[in-house]
J.: 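Please find one structure pasted underneath; my questions will follow.
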Amino acid sequence: MTGTEERTSAESPEPGGYAAARLRLLTEGARTGPPRRAALAELTDDWLAGLFTAGAGRPQGISGISLVAVGGYGRGELSPRSDLDLLLLHDGSDPTAVAALADRLWYPVWDLGLDLDHSVRTLAEARRTAGEDLKVQLGLLDARHLAGDLGLTAGLRTAVLADWRNQAPKRLPELKELCDERAERQGELRFLLEPDLKEARGGLRDATALRAVAASWLADAPREGLAEARRTLLDVRDALHLSTGRATDRLALQEQDQVAAELGLLDADVLLRQVYEAAGVISYAADVTWREVGRVLRSRAVRPRLRAMLGGGKQVAERSPLAEGVVEQDGEVVLARAARPERDPVLPLRAAAAAAQAGLPLSPYAVRRLAAAARPLPTPWPAEAREELVTLLGSGRPTVEVWEALEAEGLISRLLPDWERVRCRPQRNAVHIWTVDRHLIETAVRAAALTRHVHRPDLLLVGALLHDIGKGWPGDHSVAGEIIAKDVATRIGFDAEDAAVLATLVRHHLLLIDTATRRDLDDPATVRSVADAVGTQGTLELLHALTEADALATGPAAWSSWRGSLVADLVRRVGALLAGDLPDEPAPTAPTAEQERLAIEAFRTGGPVLALRARSEPVPTEETPGAPEPLGVELLIAVPDQSAVLPAVAGVLAVHRLTVRTAELRTLRLPQDVHGDGSVLLLDWRVAAEYGSLPEAARLRADLVRALDGSLDIGGRLAERDAAYPRRRGLLAPPPRVTVAPAASHHATVIEVRAQDAPGLLHRIGMALEKAGVRVRSMHVSTLGANAVDAFYVTTGAGEPLPEQDAGSVARVLEETLRAP
């Protein structure tokens, strides 16, 4: 069918002709992107115009009534499942006829199953409603004539635009507040794993808001790349509608591969990266635009009073020097009149550092000029350039906005070419709340607060910036990052010794947190392995600060007082060893008075004894310095040493719907003054209730007694609960992985388990280890978001490490057990 024939069939008021033509357009694949959206809008225009003419019973020259497309349809941005925003505009002379015409228009649309947002108003009613409802006014700004009285539609457009421009000083702050509220609810599009393409900050709503600001003539958005970014998001939404068959704007994880295929992209990561880049362009344009709106409005409010006081005349903006070639003007950092970026390659970093130190935004015009004119820095960088980079990174929170301004004009990738591989790179891990590039900047921001804790703050800040730089390359990002960090450090002017330290920081930036939470700190091999990797006290000090900054910048699930105390304990032990103060066989950590009391009571009664209590510790944060941070509920259990304690305790907790956040198990020798010879297993766990309040300690103890003597069928109870309340099927989690950590301990075999956290997981692990005939000497369990990361120190019945072959066999059996449904 030719284009003319297709249009002719669509012009028929019969829904069937339009539906068939619409289906062909969406499925033929010959047109995509803007051409398809324009063709779909034109096809829909013709059909609705036909319905209008047939319904009115009069020729196209009808007066006093018109059909108007508004909102997204008015802009011609019709995605496959978009709703139709329509206004039936009339002069009020014949309400009965208008109502009848409305029925003839709306019902065919509904009959096709299309979503319709419709209204019937006079010009006065439309203006009044727009004045009362900002969203209505925004939709009318894109009014487009479809059929009927063209003069009526033109009058509407003229009146609405005039109203908008006259009311801009009042309405633009309302629009800004609307955008901020939406961003608070939906988050930032460029960092979300399942973003809403329309509602999230940097999405299509914000792009539309920028059009409205431009229409006010009060300010305008930076145009570079904005139209392309909008088109990218619209193309993704089109593919999302076609692949799901639904009118959805949320790019869910399970649909991303299909959407990527629809767009001809390699995979979902490439898709997300394109979405993030587009959202970043829109977000930056919004930041600049709203800052300009605020400046103009403030200027309008102040200047009349100043002119009255000073007798009129144009006021010249004051310029305050900040650094060589850099001044502050009207709340922004701009270049001095004498600045010559073509002769001063350090100027971009100097301007950025001055802006961040002053807590001021960089003028987009200054950044654009720097990007166009500044010469590349020589290799290695001069000392001033390196110092300005460190100053920028050490400025705290203002660093983020300044860095984004440089990145918007491509200056960051020019200064650090390796940055391009991590820019806008998604992290498919629920623990991470940022993309790789933003996480690196957030880590530098967190590290800036810790610079007083180290002797070399410059190495800490640069290490924070580079610690995940290897995520742009295949393989272990720490290994790849070590090579990149050494190269970057040399390029920006650090000497060989400092470059080696930075490479070590990047290579081992996960060492302290992984070791502290997954290894037995009482085992000399644990401390020795960290000391060998770190090498010096200075590097250990830097690594300690970097570990905290990295975890704080990752997300709330990655750091806590408990993890911080474990890392601090490990650092203390490693520092002592590096200083020569730690013996090869350190004594185990002494139990607390409460732990000792519980152990003695458990030994004397021959049964389990427990204590359940809430705990919190003061931890300073940016928002509330010194405020108590809740650690959760601590559960201390002492049990006479016997078999099957781990699965019994874990099973009882699962039955009572208690989620295990962290868990430790160790053997405690009884004090010498206690009669008898024996040991007690001490379990120190942090738990949280899935629903409601915590169970009473007495009930937990009673069920634990039954579990230990075999009278409580834990497996049966959990199976009954799962059958009665099946868990909602969610995303397909990666399979569990069980490995043996080589040379992690001289006294035991360390088995590591990484799996999706689920009720009863620890019970299943404990049962599998029990059946394998191994003894759990100690364990270190932690939950990061939806991921369980556990380490079990196991021995033979005689207390020896497992033979290598047996250890591998236990790991395989455990992995198979966890993979089984």
Side-chain angles (χ1 to χ4, degrees), residues 127-142 157-185 188 201-203 205-224 226 281-320 322 327-335 355 358-368 397-398 400-402 404-405 408:
R127 294 179 68 183
R128 183 171 61 252
T129 306
E132 297 168 351
D133 190 331
L134 180 58
K135 293 180 180 178
V136 171
Q137 190 165 36
L138 293 175
L140 290 176
L141 289 176
D142 292 305
R157 284 186 53 81
T158 301
V160 167
L161 280 170
D163 291 344
W164 178 246
R165 287 163 185 160
N166 290 333
Q167 299 166 8
K170 172 190 173 185
R171 307 235 70 177
L172 287 182
E174 292 179 23
L175 179 57
K176 172 68 161 58
E177 186 177 350
L178 199 66
C179 292
D180 290 343
E181 289 174 355
R182 182 166 29 81
E184 184 68 25
R185 290 193 313 272
E188 293 208 44
R201 183 173 184 272
R205 288 273 194 215
D206 278 344
T208 301
L210 293 179
R211 288 169 55 95
V213 174
S216 74
W217 290 353
L218 200 66
D220 198 4
R223 295 304 180 99
E224 186 69 29
L226 192 57
V281 171
I282 295 172
S283 293
Y284 177 68
D287 288 341
V288 171
T289 301
W290 288 119
R291 196 163 65 235
E292 178 67 9
V293 168
R295 187 191 65 77
V296 171
L297 293 180
R298 287 192 302 274
S299 174
R300 286 189 174 189
V302 171
R303 283 179 181 171
R305 295 199 299 271
L306 283 176
R307 281 196 293 270
M309 292 170 58
L310 301 176
K314 185 176 181 181
Q315 300 299 314
V316 178
E318 183 180 349
R319 297 165 70 90
S320 304
L322 294 175
V327 298
E328 174 193 351
Q329 177 180 310
D330 207 5
E332 288 186 328
V333 173
V334 301
L335 300 185
L360 295 171
L362 263 177
S363 162
Y365 307 105
V367 181
R368 200 167 297 134
R397 186 54 54 189
V400 176
E401 184 178 1
V402 173
E404 289 179 346

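Reckoned from all heavy atoms, side chains included, excluding hydrogens, waters and symmetry mates. Since this is a predicted model, take the numbers as computed values, not measurements.
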J.: Side chains of R291 and P364: does their closest heavy-atom pair fall under 4.5 Å?
T.: yes
J.: Of all heavy-atom pairs between L140 and A130, which one has the smallest distance, and what is that distance?
T.: CD1-CB, 3.9 Å
J.: Can you find a heavy atom in the side chain of Y365 that is under 4.5 Å from one in the side chain of L335?
T.: no
J.: With side chains defined as the heavy atoms from C-beta onward, is the minimum distance between L218 and V213 less than 4.5 Å?
T.: no
J.: Using side chain to side chain contact (heavy atoms under 4.5 Å, CB included) as the criterion, list what pairs up with R157, not counting sequence neighbours.
T.: A143, L161
J.: Backbone N or O of V160 within a donor-acceptor pair of the R127 side chain at under 3.5 Å?
T.: no
J.: Taking everything shown except E292 itself, do over 12 heavy atoms lie less than 6.0 Å from its CD?
T.: yes
J.: Once side chain to side chain donor-acceptor pair (under 3.5 Å) is applied, do any residues pair with R211, and if so which ones, sequence neighbours excluded?
T.: D142
J.: With sequence neighbours left out, what residues match E404 under side chain to side chain donor-acceptor pair (under 3.5 Å)?
T.: R190, R438
J.: Closest heavy-atom contact between R201 and A183?
T.: CB-CB, 3.7 Å
J.: Do V333 and V402 come within less than 4.5 Å of each other through their side chains, counting heavy atoms only?
T.: no
J.: Given E174, which partner from the list K170, R171, K176 fulfils the side chain to side chain donor-acceptor pair (under 3.5 Å) test?
T.: R171
